[in-house]
Number of protein chains: 2
Amino acid sequence: MTDDGSSATTRVACCQLAPVLGESAANRAATLAAIESAVEAGARIVMLPELPVSGYVFADPVEALALAEPVDGPTVTAWAEAAARHDIVVVGGLCEAAPDGTLRNSSVLLDRSGLRAVYRKAHLWDAEKLFFTPGDAAPPVVDTPHGRIGMMICYDLEFPEWVRKSALAGAELLCAPVNWPVEPVPEAERPAWGAHIRVQAGAMANRLPIAVADRAGRERGVDWIGGSVVVNADGWPLVMAEAGTDATQILIADIDLADSRDKQISERNDVHADRRPWLY
Amino acid sequence: MTDDGSSATTRVACCQLAPVLGESAANRAATLAAIESAVEAGARIVMLPELPVSGYVFADPVEALALAEPVDGPTVTAWAEAAARHDIVVVGGLCEAAPDGTLRNSSVLLDRSGLRAVYRKAHLWDAEKLFFTPGDAAPPVVDTPHGRIGMMICYDLEFPEWVRKSALAGAELLCAPVNWPVEPVPEAERPAWGAHIRVQAGAMANRLPIAVADRAGRERGVDWIGGSVVVNADGWPLVMAEAGTDATQILIADIDLADSRDKQISERNDVHADRRPWLY
């Protein structure tokens, strides 16, 4: 709510990109160009996919390590500069060479003051287990100039416990960089149906808006859904990508973040107060 | 799997009825007629809605109490007789006058040996809080001649922790009697979309099939979705009701219950083994 009591929305951009594995410089430039386009469109929170600079389908750990960067490397440094110059929040994935020598599937959050959080994916998908060490920390929830923002990565979203944890920590928006590979879905439904159902249910269970920046493109035999989506606190999609492996695009949605602080869904029901954690 | 290694399915029937509040004898007869029809259709597990004999929209606690029955009352006795005669499992809701003097929104499970479980709804919806005492026990998971069956009721499904608990206890099928009132959904989507998303996500997170018996009809100003649905272990609907307030019907689905014991979803992922409960 603004000072005069009217509702205020925050513009979120999900930049759906098609990185090319091994072309880090070009991929990085594409993320920066997307950030500029999102800012021109009025976005205050700009999201990038999981692993948008390194690519995803690594042949082996050696290749993954060669494409990794530390959080003070060129990618995060460039994103931080853009965040400071435009007074925006940037959330994006990073193939991280961590200080402890491990390789992490990470996501960083930057605002005008610089790097605010590094989250390391806690639930690893399939071959990621060959390359990455899973994170052992809770998903961060960060107070930024543009809202209180939670973050997790892709397969993390399939664990309702993890979404709940972010919501209970007070997130007003959950930002999830993903790389959703094409999965079989029943005929006559959109390719991202399964992925979207999980996102929508996570939002509904917590009255928590969720913004997902997916990737597009094709990489070493893997097709990506291109299923970026933003759902509101009730779980209804505000905008979703026209799914397709060639569909690079920037989705724009205006979200009332303050609305998500209200967890009431009926006269006598509140999605958090109704929990009975001593029974779980 | 059968002895010869082939896949075996179990036929489940969700009886979507339209009880009339205050007409308990007629409502009870309708449940018994539906059980007979389901048996004729080959069902081994027969589900009835939440509160199918009492109705739902009570004016006050006195009315609710007047429509309540103990678990040795006429409704459960008649269901037990049908379960024994046909060697089936019956799961159905009951406005229960509990032994401790409280009123409960319950669900019972019967097989050929009689009453196997009484579950008392742990998460109460809206005005239910004025009439019912919430249950304090975990959702039961019962080994029956027709599979290992979990049970919960309606709003319980909106708590992923509760579905998880049933799945971790080894349920092969989750049976959920519900009364889903009509809720607003975005245009161009089916009326039960929100409710189905929650069910589908719960199934996906656990590779747990879920069968939902909803009610139809209109009661004191409340329209019911008529959204009965059966989803498989991957969360995809096997069958769903043609939603509508007048749509009484019996949904039939064949489910491979043994399949749900396999929690693997990729070469290296298992929806339960991938959990990191010490972080939750």
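Residue numbering restarts at 1 for every chain, and letters A, B, ... go by the order of the sequence lines.
Heavy-atom distances place the backbone of A:L124, and not its side chain, under 4.5 Å from chain B. Contact of A:P181 with chain B is not made at all, since no heavy-atom distance falls under 4.5 Å. Of the atoms belonging to A:A138, not a single heavy atom falls under 4.5 Å from chain B. At a 4.5 Å heavy-atom cutoff, the contact between A:V185 and chain B is made by backbone and side-chain atoms alike. Of the two parts of A:P277, neither the backbone nor the side chain holds a non-hydrogen atom closer than 4.5 Å to a non-hydrogen atom of chain B.
Legend: residues meeting side chain to side chain contact (heavy atoms under 4.5 Å, CB included) with A:A211, ordered by chain and number and at least two apart, are A:V12, A:C14, A:M47, A:L173, A:V230.
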Write out the donor-acceptor pairs between chain A and chain B under 3.5 angstrom, atom names and distance to 0.1.
residue: A:A122; atom: O; partner: B:R276; partner atom: NH1; Å: 3.1
residue: A:H123; atom: NE2; partner: B:Y280; partner atom: OH; Å: 2.7
residue: A:L124; atom: O; partner: B:N269; partner atom: ND2; Å: 3.0
residue: A:D126; atom: N; partner: B:N269; partner atom: OD1; Å: 2.5
residue: A:D126; atom: OD1; partner: B:R268; partner atom: N; Å: 3.2
residue: A:D126; atom: OD1; partner: B:R268; partner atom: NH1; Å: 3.0
residue: A:K129; atom: NZ; partner: B:R268; partner atom: O; Å: 2.7
residue: A:K129; atom: NZ; partner: B:D274; partner atom: OD1; Å: 2.7
residue: A:G135; atom: O; partner: B:R276; partner atom: NH1; Å: 2.4
residue: A:D136; atom: OD1; partner: B:R276; partner atom: NH2; Å: 2.6
residue: A:Y155; atom: OH; partner: B:D274; partner atom: OD2; Å: 2.7
residue: A:E161; atom: OE1; partner: B:R164; partner atom: NH2; Å: 2.9
residue: A:E161; atom: OE2; partner: B:R164; partner atom: NE; Å: 2.7
residue: A:E161; atom: OE2; partner: B:R164; partner atom: NH2; Å: 3.3
residue: A:E161; atom: OE2; partner: B:R275; partner atom: NE; Å: 3.0
residue: A:E161; atom: OE2; partner: B:R275; partner atom: NH2; Å: 3.1
residue: A:R164; atom: NE; partner: B:E161; partner atom: OE2; Å: 2.7
residue: A:R164; atom: NH2; partner: B:E161; partner atom: OE1; Å: 2.9
residue: A:R164; atom: NH2; partner: B:E161; partner atom: OE2; Å: 3.2
residue: A:K165; atom: NZ; partner: B:L279; partner atom: O; Å: 3.0
residue: A:R268; atom: N; partner: B:D126; partner atom: OD1; Å: 3.2
residue: A:R268; atom: O; partner: B:K129; partner atom: NZ; Å: 2.7
residue: A:R268; atom: NH1; partner: B:D126; partner atom: OD1; Å: 3.0
residue: A:N269; atom: OD1; partner: B:D126; partner atom: N; Å: 2.5
residue: A:N269; atom: ND2; partner: B:L124; partner atom: O; Å: 3.0
residue: A:D274; atom: OD1; partner: B:K129; partner atom: NZ; Å: 2.7
residue: A:D274; atom: OD2; partner: B:Y155; partner atom: OH; Å: 2.7
residue: A:R275; atom: NE; partner: B:E161; partner atom: OE2; Å: 3.0
residue: A:R275; atom: NH2; partner: B:E161; partner atom: OE2; Å: 3.1
residue: A:R276; atom: NH1; partner: B:A122; partner atom: O; Å: 3.0
residue: A:R276; atom: NH1; partner: B:G135; partner atom: O; Å: 2.5
residue: A:R276; atom: NH2; partner: B:D136; partner atom: OD1; Å: 2.5
residue: A:L279; atom: O; partner: B:K165; partner atom: NZ; Å: 3.0
residue: A:Y280; atom: OH; partner: B:H123; partner atom: NE2; Å: 2.7

